[in-house]
Every structure is written in C-alpha cells, then in structure tokens.
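Lettering follows sequence order; numbering is per chain, from 1.
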2 protein chains.
Amino acid sequence: MDTRKKILDTASRLFYQQGYNATGINQIIEEAGVAKASLYEHFKSKEDLLIAYLEFMFEQTISRFRHVVSTKVEAKEKISAIFEFLSLNTNSKGFHGCQFLNIAGEIPVENLRVYDVIRKQKNGLRALFAEILKSDSMGDHELQSGESLADGLYLLFDGAIMSCKVYGDSWPVVAAHKSALKLL
Amino acid sequence: MDTRKKILDTASRLFYQQGYNATGINQIIEEAGVAKASLYEHFKSKEDLLIAYLEFMFEQTISRFRHVVSTKVEAKEKISAIFEFLSLNTNSKGFHGCQFLNIAGEIPVENLRVYDVIRKQKNGLRALFAEILKSDSMGDHELQSGESLADGLYLLFDGAIMSCKVYGDSWPVVAAHKSALKLL
DNA sequence: TATAAATCAGACCGTTCTGTATGAATTTTT
DNA sequence: AAAAATTCATACAGAACGGTCTGATTTATA
C-alpha cells in the first residue's frame, strides 16, 4: 500500500480520536508501520501533516453532505436529510465531534494555514445551506434574508455537533433539527 | 495580594488567551511573580489549577448572564439582552471564544473532572433559557416543547460563540440573534 | 542485471514539560 | 520577641516531544 496514504490515514484516525497535541509522531509511525524518515520525506513537519488531514477531511465531509442532499428535492427535506445524517454520525461509536472545531480548540487563531482550511469547510457548509434555500420558492422569508437564515441553520448545526461531543449524547441534534424546521 | 489569587488570575488569563496546553507552569509562576513551590502548595497539579479556573469562570459567566437578564421583564427582551451581551464580548479585543468549549477542544472527553464542570456551565445556560421561556405566556409554542425550544436557543448561542472565534468576526451573533427571535 | 529511488530501523539532539526537593528568607501569629 | 507558617529561588529528575542523520536494505526502473 502507498506509504503516504498509510501515514495520512493513521494520522487522521489518531488526530480525530485523541486530538492533535495528544498524538505524537512516534505513535503515528508505529501504528502506520512506517519509518520516521519516511514520514518526513512525505510531510516536512507535523503541521504539514495536520494541514493534509484537514484538507482530506474537507473533501470528505463536504462531498458527503452534498451527496446526502442530492437525494432529496424539496428544501425542507434536504435540510432534514442533513440533520438526519448528522444524527447518524453523533450516534455512531466513533464520534468525537467535528474534526475542524476540534482542531480549532487546539491551535491558536494566529495560525492562518490551519484556520484557512477550517474556515473553508465552514464556508462550504454555509454555502450548502444557502444553495438549498435559494433554490426554493416556499415562504420568501421576509423577516430574515436568505443568507442570514442559512447562517442560522449552520449555527444550529455546528452548535449541535459541539454539544453532542460535550454531552456524549445526541439530543442536541434532535433539538437543532426541530429548531431548524421551525426557522424555515 | 493573596498568592493563591495571583496564581489563579494569571493562569485564568493565560489559559484563556493562549490555551491550556500552550501555557506552561513556568510561564504562570513567572507572570504571577510567584515561586514554583508556592504554586504547588496551593494547587497540587496543573489539572487542579485547570479545574479551579473552570469553576471560577462558571461562577462568573453564569452570574453575569443572570444579571443581564434581570434588567428586562419580557421574555423576548431577556433573550435579546443575552445576545447583545454576547455581542459585547465577541466585539471586544480580548475575545478568544468560550472558555469552556476551548478547554473541551484540548481535553479528552474521558476526563470527567473537567467535563463535569463544562457540562455544569452549559446546563446553567440551558436552564437560564428554559426559565425565561417558562415565565412567559406568549405564544405557547405548540410545535416545540419549551425544553426543546430553550435548547434551540442555547445551540444558536454556543454555535455563535464558536463561530465568532473561528471567523474572527461577530456576524454569527447577529445571525444567531435573528434566528433566536424568529424561534420565539 | 545494473542503477536509481524509496523505505527501513533506530540512535541521537536539543528543547520543553510537569513535578519534587532543599534550605534560606520572609511574613504572620502567638 | 519567639514560634509557626508561608513564600522564596533554584537546581534537578524523569519523561516526552519534534526533528535530523546515518547507513543498510528493499523496491522499482531502465
């Protein structure tokens, strides 16, 4: 198997399960079954590995959400599908919160390399909500502009992920889902 | 000045500004103007200092929010007051996100000592929203139980704090505020 | 088969970390 | 003033960290 992929996969799993700072280079190479010198040939620093992890997760999360949404036609059902998909994750055994918000908690905001990827993913989510609302005729949300409503849904979504991790329970997704539908 | 308080104040500032892991014991004692031995006489470990910090912030945040709410009478205005107070914080120079969610991002969920305090603060917030809605006659929120609505407001709130940190901007508070009012 | 590229194991470096030990100096209490 | 408690400065222990280097060994290319 590709050495680079072995490293990235192992690092991704460990970064997500136990956090970035808590994961040492030595553990990564050991569990990946790879020499330390090999790791530093593919990634010139631990931070480079972190960036690769975040980019990897960006592609994965956004494409999954877009796929879930594409199975529905009505805006309301697309929104519901997103929260149901989230519920699937928060209920699964391997759930440890949002990959991006977790890193945001460990890395200082001054680190633009890291935060640019984090914001890119969040912007992707917001854009998805905005597109769903845009391609919709119902309601015409007079009290709130479409942008602001999309951001409201996004905040419920991210608040729910974070809360699920803190509480070790998925009731926040249920509450967020209900509130989201009420906002439409 | 009281040595213990000097230590706790300095640690609180540093933990909030640069994070828990990024703050070393040596920096704390240096900036507090205190000997290392003194620190370990008041706090038997760094984790004990973290707990003290969280408990300290718990008292402070909850009492501040309760005070802000107490200046209004109508539920809608109480809710608005909370988000306006949040906006005050997110716009201030020293804002670095939520003290509790920041720590949650650094400490593994298995650490119950830490997470119990974090959940205590979140429960305090949820209870505050629930009380506000309970003491209110308007609407009778038939679609959503009072509990679930309170949690919706809480999720908007926490989502906004987290997002403000990630974006380095306070637009999320505005969006959350608008959505919160729409939920009422 | 010969050459080049990739991966290997692991010693090693310098730094940083939390936490302990010591014994003197200072402050508070009696 | 004497006794007790606190705080002082600092050296040290022990471990973990990210990262570099070496030189052998395997794998792929020509």
Side-chain angles (χ1 to χ4, degrees), chain A residues 1-56 102-108 110-115 117, chain B residues 1-56 102-108 110-115 117:
Chain A
M1 191 208 204
D2 188 44
T3 302
R4 188 193 145 92
K5 179 145 185 60
K6 266 197 296 189
I7 297 170
L8 184 53
D9 283 354
T10 304
S12 297
R13 175 172 53 84
L14 294 175
F15 285 168
Y16 183 60
Q17 282 178 353
Q18 38 180 292
Y20 175 69
N21 288 319
T23 302
I25 291 289
N26 293 314
Q27 186 186 9
I28 295 174
I29 60 168
E30 185 183 340
E31 299 202 13
V34 152
K36 187 180 276 195
S38 301
L39 186 149
Y40 279 98
E41 272 161 20
H42 289 285
F43 306 93
K44 71 179 218 294
S45 72
K46 191 187 178 188
E47 186 178 297
D48 271 42
L49 189 49
L50 172 62
I51 299 290
Y53 159 67
L54 290 175
E55 292 282 3
F56 179 37
N102 288 350
I103 296 300
E106 294 195 72
I107 306 293
E110 288 75 25
N111 192 324
L112 295 187
R113 280 185 80 202
V114 169
Y115 268 77
V117 191
Chain B
M1 191 211 206
D2 186 45
T3 301
R4 186 194 145 93
K5 179 148 186 58
K6 267 197 295 188
I7 297 169
L8 184 53
D9 283 354
T10 305
S12 297
R13 175 172 53 83
L14 294 175
F15 285 169
Y16 183 60
Q17 282 179 352
Q18 39 181 294
Y20 175 71
N21 288 319
T23 302
I25 292 288
N26 292 314
Q27 186 184 11
I28 294 174
I29 62 169
E30 185 183 341
E31 298 201 14
V34 153
K36 187 180 277 197
S38 302
L39 186 147
Y40 279 98
E41 271 160 21
H42 289 286
F43 306 92
K44 72 178 218 294
S45 72
K46 191 188 178 188
E47 186 177 297
D48 271 43
L49 188 50
L50 172 61
I51 300 289
Y53 159 66
L54 290 175
E55 293 281 4
F56 180 36
N102 287 352
I103 296 300
E106 295 197 70
I107 306 292
E110 288 75 26
N111 192 324
L112 295 187
R113 280 186 77 203
V114 169
Y115 269 77
V117 191

Heavy atoms from other residues, nucleotides or ligands near CD of B:E30 exceed 12 (cutoff 6.0 Å):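 For B:E30, atom CD is not crowded (no more than 12 foreign heavy atoms under 6.0 Å).
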DNA chain D-proximal residues of residues 20-35 of chain A, any heavy atom under 4.0 Å: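 Listed by number, they are A:T23, A:G24, A:I25.
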Separation of B:K5 NZ from B:F56 CZ (nearest 0.5 Å):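 Reported to 0.5 Å precision, the distance equals 4.5 Å.
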Euclidean distance, B:I103 CD1 relative to B:Y16 OH, rounded to 0.5 Å: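 So the OH of B:Y16 and the CD1 of B:I103 are separated by 11.0 Å.
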Would you indicate whether the side-chain heavy atoms of [Y] and [X] approach each other to under 4.5 Å?
X      : Y      : answer
A:E106 : B:Y20  : no
A:L49  : A:H42  : no
B:L50  : B:R113 : no

NZ/NE/NH1/NH2 to OD/OE distance under 4.0 Å, B:R4 and B:E41: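 A salt bridge is absent here (no side-chain N lies under 4.0 Å from a carboxylate O).
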For chain A, the stretch of DNA chain D it reaches, first to last nucleotide, under 4.0 Å of its heavy atoms: D:dG18 to D:dC21
Interface residues of residues 39-53 of chain A with DNA chain C (non-hydrogen, below 4.0 angstrom):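 By residue number: A:E41, A:H42.
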Between B:S45 and B:D48: side-chain donor-acceptor atoms closer than 3.5 Å: yes
Whole-Å gap separating C1' (C:dA6) and CG (A:D2):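 Spelled out: CG on A:D2 to C1' on C:dA6 is 11 Å.
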